[in-house]
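Residue numbers begin at 1 in each chain, while the letters A, B, ... track the order of the sequences.
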Protein chains: 2
Amino acid sequence: MARTVSERSDVLPLLAEAFREHGYEGASLALIGEATGLGRGSLYHFFPGGKEEMASAVLGEIEAWFETNIFRVLRTAEHPENALLQTLDATEEYFRSGRRICLVGAFALSDTRDRFSLSLRRYFSEWRAALEFALSKTGETPAEAATHAEEIVLSLQGALVLARALDDPGIFSRAIGRVRSRLPKARTKRRGGAPRLP
Amino acid sequence: MARTVSERSDVLPLLAEAFREHGYEGASLALIGEATGLGRGSLYHFFPGGKEEMASAVLGEIEAWFETNIFRVLRTAEHPENALLQTLDATEEYFRSGRRICLVGAFALSDTRDRFSLSLRRYFSEWRAALEFALSKTGETPAEAATHAEEIVLSLQGALVLARALDDPGIFSRAIGRVRSRLPKARTKRRGGAPRLP
DNA sequence: GTCTATAGATCGATAGAC
DNA sequence: GTCTATCGATCTATAGAC
């Protein structure tokens with residue numbers, strides 16, 4: 001009987017899936033209880049602030065994941081062309097090739113936007129800024145990099161919307177493929193060739 | 001006292017704004033009552049099926065607007081290049097240059113997706129198909145037109161997500177500008193010019 | 001730390017007066 | 001046609017046993 005989840009961080013992925021599937025309002029505590037296998041008592045033990053704190057924690061974990069696996073990689077990469085490709089792969093995997101929606105994007109279109117506006121803002125602006133930084137390091141002008149970065153984020157988000165609406169994950173895969181093909185080609189030390197990866 | 005709205009169709013735009021602002025779950029009947037100035041009795045008189053019928057009717061009106069002002073224009077245009085520009089203008093105006101979200105896209109990312117899946121599917125696939133048809137009439141190959149159409153719809157949707165999250169309508173305007181600039185150039189009878197609209 | 005029971009508010013929907 | 005009153009269900013959050 002005595003379930004030993006014992007770690008708040010163990011609950012977060014389950015919470016995230018519940019919010020992704022039902023939205024903030026749609027994810028009732030009864031539903032969250034089912035998804036996590038925890039009773040109300042346990043949930044309020046881990047998240048005294050209730051549902052709002054649950055969603056906030058989930059957003060925090062998402063931001064942390066992107067910071068580690070996407071943003072930081074783009075900002076600190078020695079070879080930005082490779083970092084761009086690598087983070088696109090990670091992004092495709094994260095969204096399960098279009099079968100998983102972006103919770104941050106979904107929140108942005110719902111009335112929970114105001115409640116978490118700071119998180120949403122930070123997530124998208126950091127993403128855009130990290131891409132912009134890497135793209136400018138590949139030789140794009142500041143204006144090109146800014147536009148290009150914005151277009152990448154926007155394409156991925158739009159692809160997730162469309163993939164969901166049309167129930168066709170392929171839309172997301174195709175969109176990521178186009179983003180990939182429009183990336184600046186890697187310049188390697190041995191000049192003159194048209195190499196792919198070092 | 002005796003309010004004389006008397007037309008179901010007069011209520012639809014107010015309903016649409018309520019759903020856009022609060023989402024399906026978030027738009028309670030109390031809120032809808034405020035937004036429309038109608039009591040529960042009147043609302044259930046117009047929409048015996050309750051909230052679901054209200055949302056369904058709103059989706060229907062949205063589809064009808066796009067069918068008239070976008071899809072049909074694209075399918076029946078004599079000069080597809082001009083039709084593409086014209087419908088992009090109409091689209092920009094419809095979404096208030098990025099200050100208004102797409103209710104269909106928002107529903108697609110929420111858990112109401114399943115409830116209205118047919119409407120969502122139809123809306124996006126008709127939009128995509130109409131664009132594809134017009135683009136192929138401009139001389140794009142079937143493959144090019146299919147990809148291009150998908151990318152336009154997806155860019156607009158993604159731009160609306162990003163514009164909302166970052167509270168920056170300019171993102172949508174810029175995205176529409178890029179879509180416009182990538183359209184096939186209009187071939188006119190008086191050749192050599194760079195005409196805008198007929 | 002986890003549970004059940006339940007309070008208090010709000011939900012969608014209905015009934016019936018006018 | 002429009003209103004108010006109200007039902008039963010469901011919601012978030014809390015209390016208290018174990």
L160(A) side chain near I101(A) side chain, heavy-atom distance below 4.5 Å = no

SB check R8(B) E61(B) (cutoff 4.0 Å) = no

Rounded to whole Å, the NE2-P distance (H22(B) to dG12(C)) equals 12 Å

Separation of dC11(C) atom P from E34(B) atom CD, nearest Å, is 10 Å

Could you state the CZ-P distance from F47(B) to dG12(C), rounded to the nearest angstrom?
-> 15 Å

Partner set under salt bridge (Lys or Arg N to Asp or Glu O under 4.0 Å) for R122(B), not counting sequence neighbours = E63(B)

Applying ring-ring contact (aromatic ring centres under 6.0 Å, His included) to F124(A) and not counting sequence neighbours gives none

Output a table of donor-acceptor pairs, distance under 3.5 Å, between side-chain atoms of residues 102-111 of chain B and any protein atom two or more places apart or on a different chain; print 'none' if there are none.
residue : atom : partner : partner atom : Å
S110(B) : OG   : F107(B) : O            : 3.1
S110(B) : OG   : T112(B) : N            : 3.1
S110(B) : OG   : T112(B) : OG1          : 2.4

Return all side-chain donor-acceptor pairs below 3.5 angstrom for residues 165-178 of chain B, not counting sequence neighbours, or 'none' if the list is empty.
residue : atom : partner : partner atom : Å
D168(B) : OD1  : G170(B) : N            : 3.0
R174(B) : NE   : E150(A) : OE2          : 3.0
R174(B) : NH2  : E150(A) : OE1          : 2.9
R174(B) : NH2  : E150(A) : OE2          : 3.2
R178(B) : NE   : E151(A) : OE2          : 3.4

E81(B) and K137(B) ion-paired at < 4.0 Å | no

If we fit an axis to the first five pairs and another to the last five of the helix from dG1(C)-dC18(D) to dC18(C)-dG1(D), what angle do they make, to the nearest 10°?
-> 0°

Can E67(B) and R75(B) be counted as an ion pair, charged N to O under 4.0 angstrom?
-> yes

Roughly how many Å is it from CD in E53(B) to P in dG12(C), rounded to a whole number?
-> 15 Å

Enumerate the protein-to-nucleotides 11-14 of chain D contacts in which both atoms are nitrogen or oxygen and the separation is below 3.5 Å.
residue : atom : partner : partner atom : Å
dT12(D) : OP1  : K51(A)  : NZ           : 2.7
dT12(D) : OP2  : L29(A)  : N            : 2.6
dA13(D) : OP2  : Y44(A)  : OH           : 2.5
dA13(D) : OP2  : K51(A)  : N            : 3.1
dA13(D) : O5'  : Y44(A)  : OH           : 2.9
dA13(D) : N6   : R40(A)  : NE           : 2.5

Whole-Å distance, L43(B) CG to dT2(D) P, equals 10 Å

